[in-house]
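Numbering of ligands and ligand atoms starts at 1, following listing order.
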Amino acid sequence: MGLVVQKYGGSSVADAEGIKRVAKRIVEAKKNGNQVVVVVSAMGDTTDELIDLAEQVSPMPAGREFDMLLTAGERISMALLAMAIKNLGHEAQSFTGSQAGVITDSVHNKARIIDVTPGRIRTALDEGNIAIVAGFQGVSQDKKDITTLGRGGSDTTAVALAAALDAEVCEIYTDVDGVFTADPRVVKKAKKIDWISFEDMLELAASGSKVLLHRCVEYARRYNIPIHVRSSFSGLQGTWVSSEPIGDKKVEQAIISGVAHDTSEAKITVVGVPDKPGEAAAIFRTIADAEINIDMVVQNVSAASTGLTDISFTLPKTEGRKAIDALEKNRAGIGFDSLRYDDQIGKISLVGAGMKTNPGVTAAFFEALSDAGVNIELISTSEIRISVVTRADDVPEAVRAVHTAFGLDSDSDEAVVYGGTGR
Ligand code: ADP
Ligand code: ASP
Ligand code: MG
């Protein structure tokens, strides 16, 4: 008997109908002779609504209480899903992250999983149950407080459980038919990818393709867990994410896997920094001590007359306030004139392992952006990715232009988005 882990995202369980539809699908997997573990997200936009609610009560809620609040969303869907499955005549039991043995560090709002001890899940399965686990949450190892894994974290819960239970596959069910060459909400002519390597998927996820969370792909690569991303609304085969193509299909590694975009970041410019050793260190130590992850960094040439320079970096908008406060607090220690905050930026990234060996990819990328009249503010590259920062308003047009320029447009079906609000 095989063991499968299935994860259903918020758009798949947005309402009672959705929960009943998903319950039928889960029962099918069980009837096919599998042991089934299901990881479920909060219904629809519940998490966003809970965040809005918290902000109305307190502008900077304490991490511990914020996590306690957010985990309620997944508890609602796990219990309802277990009820719906029982209603179909099958045994199901729901478990919180803590009950399922998801042990994390104690960094609230973005905790990392450090161990998974799924004893209760094993027992439930051995007793013939379908096990339903609340995604996106765990319990901290030291303080035994409830933690959350960061937005989209149910993907990580699913892969972590798949690894701990030695599952054959981790299926991620969502509102599109798989991983596409661009977000189907932005590029109607995006193509579904049949297979993508962990490496390219990691870069796409890190660059904003939220169909899979970056940490989830990292985890899957480390434990070599194949992921099948597919729609809960259709019966179609989706996208396999694995180290090697699955089955007897000989799939060629694409030169370019896709175009990702991200409008969730902001840019901070530290203006008038003395151009001497230790300055960048002081700025980024301050940011690191506030437990904020940054993305791109650029330093301008210093003006010869003043010996001062500007340093800009990007970070999640959600960390903007915290970063500005931390830098202001350290203004005397670092030494700078002023801070500028800009949250009207977007990032566009082109990803593909073929970039390494195909000269001209960077040039063609910049040409496509220039033809679309898009101005570039920051640039960063890795071996298999080029990213630029532009005005947020330019992002949709820029993504489509790059997608077309690299021959990624499909000439047949338009990509389907089955549900969700894209929030
Ligand atoms: P879920 O609620 O199932 O977790 P998410 O909203 O987190 O779903 O992720 C699915 C969404 O990811 C899609 O609706 C789509 O808009 C977006 N997306 C972004 N980039 C891509 C891509 N390259 N391929 C597929 N979907 C993408
Ligand atoms: N409900 C959480 C969120 O909206 C976790 C998830 O859906 O993966 O971010
Ligand atoms: Mg998601």
Side-chain angles (χ1 to χ4, degrees), residues 6-14 18 22 39-52 66-67 69-78 97 109-111 133-138 147-160 171-193 196 200-201 203-217 227 229-233 238-239 241 256-264 318 347-351 395-396 399 403 408 415-423:
Q6 301 188 328
K7 177 254 170 179
Y8 292 90
S11 50
S12 297
V13 292
V22 162
V39 173
V40 69
S41 292
M43 295 169 71
D45 290 333
T46 302
T47 307
D48 291 292
E49 287 154 14
L50 291 172
I51 292 171
D52 291 348
F66 196 55
D67 276 353
L69 174 72
L70 295 195
T71 54
E74 269 69 13
R75 281 193 177 219
I76 295 172
S77 39
M78 74 176 191
N109 306 171
K110 52 180 175 194
V133 179
F136 163 67
Q137 53 181 273
T147 53
T148 62
L149 309 178
R151 297 307 306 272
S154 299
D155 293 347
T156 316
T157 306
V159 168
E171 296 184 322
I172 304 278
Y173 285 92
T174 183
D175 55 11
V176 288
D177 281 314
V179 181
F180 285 72
T181 48
D183 185 342
R185 283 178 208 272
V186 174
V187 182
K188 285 288 159 228
K189 287 189 159 295
K191 271 190 284 212
K192 187 174 80 188
I193 300 169
I196 183 169
D200 278 19
M201 191 64 233
E203 292 280 0
L204 281 177
S207 310
S209 297
K210 68 169 184 161
V211 63
L212 280 184
L213 193 73
H214 178 245
R215 273 190 187 172
C216 140
V217 187
I227 303 178
V229 183
R230 55 197 308 197
S231 167
S232 73
F233 298 80
T239 301
V241 187
I256 298 297
S257 283
V259 188
H261 71 276
D262 189 356
T263 48
S264 69
T318 47
K347 185 174 73 171
I348 299 138
S349 306
L350 184 71
V351 171
V395 165
V399 171
H403 196 265
L408 297 172
V416 185
V417 178
Y418 296 91
T421 57
R423 186 170 171 183

- Thinking salt bridges, do Asp155 and Lys210 make one under a 4.0 Å N-O criterion? no
- Message: Rounded to the nearest 0.5 Å, what separates atom OG in Ser12 from atom NZ in Lys7?
- Response: 7.5 Å
- Message: Return the NZ to CZ distance between Lys191 and Phe180, rounded to the nearest 0.5 Å.
- Response: 12.0 Å
List ligand 1's nitrogen or oxygen atoms that come under 3.5 Å of a protein nitrogen or oxygen, with the partner atom and distance.
unit_1	atom_1	unit_2	atom_2	d
ligand 1	2 (O)	Gly10	N	3.2
ligand 1	3 (O)	Thr174	OG1	2.7
ligand 1	4 (O)	Lys7	NZ	3.1
ligand 1	6 (O)	Lys210	NZ	3.2
ligand 1	8 (O)	Thr174	OG1	3.2
ligand 1	14 (O)	Asp175	OD1	2.7
ligand 1	14 (O)	Asp175	OD2	3.4
ligand 1	14 (O)	Arg185	NE	3.3
ligand 1	14 (O)	Arg185	NH2	2.9
ligand 1	16 (O)	Asp183	OD1	2.8
ligand 1	16 (O)	Asp183	OD2	3.4
ligand 1	16 (O)	Arg185	NE	2.8
ligand 1	23 (N)	Phe180	O	3.0
ligand 1	24 (N)	Phe180	N	2.9

Side chain of [X], backbone of [Y]: donor and acceptor closer than 3.5 Å?
{"X": "Ser209", "Y": "Val211", "answer": "no"}
{"X": "Thr181", "Y": "Ala190", "answer": "no"}
{"X": "Ser11", "Y": "Gly419", "answer": "no"}

- With respect to Arg151, which candidate in Thr318, Asp48, Thr47 satisfies the side chain to side chain donor-acceptor pair (under 3.5 Å) definition? Asp48
- Item | Sorted by chain and number, the residues that approach ligand 2 to under 4.0 Å with a heavy atom | Ser41, Ala42, Thr47, Glu74, Phe136, Arg151, Gly152, Gly153, Ser154
- State, to 0.1 Å, how close Ile76 and Met43 come at their nearest heavy-atom pair, and which atoms those are. CG2-SD, 4.0 Å
- Before giving the answer on side-chain hydrogen bond (donor to acceptor under 3.5 Å, both in side chains), spell out for Thr148 and Asp67 the whole-Å C-alpha distance, their side-chain angles and the decisive distance to 0.1 Å. CA-CA 6 Å; Thr148 62; Asp67 276 353; 2.7 Å; yes
